[in-house]
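This report concerns only the one structure given below.
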Amino acid sequence: MKFSSSFFPTQKEVPVDATIPSHILMLRAGLIRPLAAGIYSHLPIGQRVMLKVMQIIREEMNAIGGQELFLPALNPLELWQETGRVDDFGDIMFHVKNRPMVLAPTHEEVICSIAKNFLRSYRDMPQIWYQIQTKFRNEPRPRSGVLRGRQFVMKDAYSMDTSWEGLDESYDKHAEAYKKIFARCGLKFFIVGASSGAMGGSGSQEFMVESPSGEDTCAVCSNCGYAANVEVAESNIPPLPRSDNNPELEDIHTPNVRTIDELVEFLNVPAEKLAKSLVYMQNNETPILVLMVGNDVLNETKLASALGGNIRPMHPDEIEPLTGAHSGSLGPVGLKNFKIIADNRLKDANGLVSGANKDDYHIGNIDIKRDVNLDGYYDLREVKEGEACVECGNQLRVVNAIEIGHIFKLGTKYAEDLKAYFLNEKGDEQPIIMGSYGIGVERIIASYIEQNHDENGIIWNKTIAPFHIHLIGLNMKNEMVREASENVYQLLIDNGYEVIFDDRDDVSAGVKFKDADLLGMPLHIIAGEKNLRDGNVETKVRGTGERSVVAIEDILNKIEKLDY
RNA sequence: CGGGGCGUGGCUCAGUCCGGUUAGAGCGCACGGUUCGGGACCGUGAGGUCGGCGGUUCAAAUCCGCCCGCCCCGACCA
């Protein structure tokens, strides 16, 4: 493509609305343009990258027997009512105003409605169907460029099996395909065990790219490879020891002591002797008191998984009427009408201090076994940086990450809700067993840029670069430069290279170099007057900055040999 | 939804506190000229409902009210 006649709108200034590298560079390099919050147009350069990534996805999905289909984004409201997900999604789903229709945020319902009519016999399965399409979600807060948009492109795949073993196989195939896809795209990624959340189902893993811009938090072990979302991650941290000395409860006057840190100072005891009480509401009706060790952080996803239903922190003005005290003086002893649960670390612990449910008072010598009417112990605490890996004991790192893919063993929920049954070998009716597997296409691109850029711009690899080669004709008003660079351009495209040719005659050399670095094609070829006098051009590898002068007649050979 | 910031030419911003000629700069754009290997220079020029509506005032980009939009933190995130 010739630059002079193409739509490659690069910009020098950092756009005011972008704060993370991928967002800034996607705007500056002209990949995308915003239309509204969380809604982007893909401009020619960006669209070329999208197509390359989609092609890789197609190849790997087809390789595991996936069949691509194209599904409606506009769905009847009724279909979503059948699975109850109109309420589950709530405000996240876009509703059409003048028809009982919704914009699909995902496609389990549509797939299932097709499957129920055509997969009637065990002989019809297994099947893997996938689509690469736009999904719509009314995100309350779109952010970070294309990382969280209201409209985005997703590869969604669905497996239909007749047995749980079959589901395991389909799931494993997808896991393998995903590893290939992300590796081919050039991403450094890791896989974590994840919470399956409201999707339900028996198993789920996320494919993650480490990045400060990521919205997920993961604990990773750089020694053994253990990695998990903090929503499920565990560490090898010992439970509190139980002391043989187990005196009676005592009231402790603690005026104006609200926080654990203040209590540590006031009583001069280690934080591990303190039990922090947090209060929540389950399904808006059941008060819950959660006991944590000292300053351990409660992970609310773990809490939700442990209890089920909707969980929210109690409003400050709900607390006093229910407990008799304000937050900071709450505790498990003698508390009525609350369901009380505790983190595993507190198992059978004693000698604890916690709130007295009376402002400015705490209670000492609490023995959980003796003094607390407990409903159970659960893993509730969030893993902290530096704690020991459960697998190998090495220190864990806690990092931010971008979720680029998620695979689920769905099971039979959707098949049962939508009555997608088949006849098995014995002639019995049985629900189809499903899996669902998603990849965020824009997120691959943004993640790639987060991992592969420098202060000058993007650094593409050969595989997903919009073009392989960026050819720069320096002074296009010079006849020799014009003719030679045109010839090189023709030579390259005749030999199958995708080339962007900066043939502009109205900008200076500096502009062309800056644009080339910003756009970030893996190999640059520079045709300038000095080198051309000797029949040479210069090559520059964008990633390493490595330059060499090459005779024009050797250029094809040189490109073959270059590592770019 | 809670908290914060912002909205002035295509882009980045100044001007707003303290109302007062014709609303500015740099970049970009158009034309002419010089340059031609790291966002080059000179000259000329076009381009603005100062986010919108209402109010105060002799006078509003500037003060007041309401609304809209965008970004950030939090909540939320199959």
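Here is the naming used below: chain letters follow the sequence lines, and residue numbers restart at 1 for every chain. Worth saying up front: this structure is predicted, and the values here are computed from it rather than measured. We use all heavy atoms of the structure for the numbers below, so side chains are in, but hydrogens, waters and symmetry mates are not.
A salt bridge links A:R312 and A:E318; the closest N-O separation between the charged side-chain nitrogens and carboxylate oxygens is under 4.0 Å. Ionic pairing of A:K413 and A:E108 is not present here: no N-O contact between side-chain nitrogen and carboxylate oxygen is shorter than 4.0 angstrom. Looking at A:R504 and A:D502, a side-chain N of the basic residue comes within less than 4.0 Å of a carboxylate O on the acidic one, giving a salt bridge. Taking the charged nitrogens against the carboxylate oxygens, A:K540 and A:D517 do have a contact shorter than 4.0 Å, which makes a salt bridge.
Residue A:R312 places no side-chain N or O under 4.0 Å from the OP1 or OP2 atom of B:C76.
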Checking side-chain hydrogen bond (donor to acceptor under 3.5 Å, both in side chains) for the pair A:H406/A:S204: CA distance, chi angles, key distance, verdict? CA-CA 7 Å; A:H406 202 161; A:S204 147; 2.7 Å; yes

Exercise. For A:F467 and A:W460, what are the C-alpha separation, side-chain angles and deciding distance, and is it a ring-ring contact (aromatic ring centres under 6.0 Å, His included)?
Worked result: CA-CA 9 Å; A:F467 295 88; A:W460 293 112; over 10 Å; no

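Remark: the backbone N or O of A:Q131 is not paired with any side-chain donor or acceptor of A:D156 at under 3.5 angstrom. Looking only at distances, no side-chain donor or acceptor of A:K276 sits under 3.5 Å from a matching main-chain atom of A:I260. Remark: the backbone N or O of A:L71 is paired with a side-chain donor or acceptor of A:Q133 at under 3.5 angstrom.
B:U44 and B:G5 have their C1' atoms separated by 40 Å, with the value rounded to a whole Å. Nucleotides B:C29 and B:G20 have their P atoms positioned 35 Å apart, rounded to a whole Å. For the P atom pair drawn from B:C73 and B:G38, the interatomic distance equals 39 Å after rounding to whole Å. Annotation: B:G28 and B:G10 have their C1' atoms spaced 7 Å apart (nearest Å). For the C1' atoms, the distance from B:U21 to B:C17 is 22 Å, rounded to whole Å. Rounded to the nearest Å, the gap between the P atom of B:C64 and that of B:G7 is 15 Å. One C1' atom belongs to B:U49, the other to B:G45, and the distance between them is 23 Å to the nearest Å. Atom name C1', nucleotides B:C41 and B:U35: the rounded distance is 7 Å, in whole Å.
In a base pair of the Watson-Crick type (N1 to N3 plus N6-O4 or O6-N4) or a G-U wobble (N1-O2 and O6-N3), with each distance short of 3.5 Å, B:A40 is matched with B:U34. In this structure B:U56 sits in no base pair that meets the Watson-Crick or G-U test at under 3.5 Å. Under the Watson-Crick or G-U wobble criterion, with both distances below 3.5 Å, B:G45 is paired with B:C29. Judged by Watson-Crick or G-U wobble contacts below 3.5 Å, the nucleotide B:C50 has no partner. With a 3.5 Å ceiling on both atom-pair distances, B:C76 lacks any Watson-Crick or G-U wobble partner. Here B:G69 sits opposite B:C6 as a Watson-Crick or G-U wobble pair (both hydrogen-bonding atom distances under 3.5 Å). When both pairing distances are held under 3.5 Å, B:C13 makes a Watson-Crick or G-U pair with B:G24. Of all nucleotides present, none satisfies the Watson-Crick or G-U wobble test against B:C18 with each distance under 3.5 Å.
Contacts of A:E109 with the nucleic acid, taken as non-hydrogen atoms under 4.0 Å apart, are absent. Nucleic acid contact for A:D515: base, since at least one base atom lies under 4.0 Å from a heavy atom of the residue. Residue-level contact check: A:N478 touches neither bases nor backbone, having no heavy atom under 4.0 Å from any strand.
Residue-to-nucleotide contacts include a donor-acceptor pair under 3.5 Å from the side chain of A:R28 to the base of B:G39. The base of B:G38 sits within donor-acceptor range of the side chain of A:D517, with an N or O pair under 3.5 Å.
If you take CZ of A:R150 and C1' of B:C70, they are 11 Å apart, rounded to a whole angstrom. Following rounding to the nearest Å, A:D505 (CG) and B:C36 (P) show an atom-to-atom distance of 15 Å. Distance NZ (A:K514) to C1' (B:C27): 15 Å, rounded to an integer number of Å. Across the protein-nucleic acid pair, A:L474 atom CG and B:G37 atom C1' stand 5 Å apart, rounded to whole Å. As rounded to whole Å, 10 Å separates atom P of B:C76 from atom CG of A:N299. Between A:E300 atom CD and B:G74 atom P there is a gap of 13 Å when expressed in whole angstrom units. Summarising the geometry, the separation between NZ on A:K512 and P on B:U35 is reported as 17 Å, rounded to the nearest angstrom. Atom CZ of A:R148 and atom P of B:C76 are 12 Å apart (whole Å).
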Just the atom pairs and distances: protein N or O near nucleotides 29-34 of chain B's N or O, under 3.5 Å.
none

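A heavy atom lying under 4.0 Å from RNA chain B marks the following residues of residues 7-22 of chain A, by number: A:K12, A:E13, A:V14, A:P15, A:V16, A:D17, A:T19.
When every heavy atom of A:R148 is checked against every heavy atom of A:R141, the shortest pair comes out as CD-O, 3.8 Å.
Nearer to the 5' terminus of RNA chain B, by closest-nucleotide assignment, is the contact made by A:A527 (compared with the other of A:A527 and A:M154). Along RNA chain B, the nucleotide closest to A:F89 and the one closest to A:S144 are compared, and the more 5′ of them pairs with A:S144.
With B:C77, B:G37, B:C70 as the choices, the nucleotide that has an atom nearest any side-chain atom of A:E139 turns out to be B:C77. Out of B:G39, B:G37, B:C70, the shortest distance to the side chain of A:A37 is found at B:C70. For A:R547, the listed nucleotide lying nearest its side chain is B:G38; candidates were B:C76, B:C72, B:G38. The side chain of A:R143 lies closest to B:A75, out of B:G39, B:G37, B:A75.
The CG atom of A:L410 sits 12.5 Å away from the CD1 atom of A:I432 when rounded to the nearest 0.5 Å.
For A:S5, the side chain to side chain contact (heavy atoms under 4.5 Å, CB included) partners two or more places apart in sequence, or in a different chain, are A:K2.
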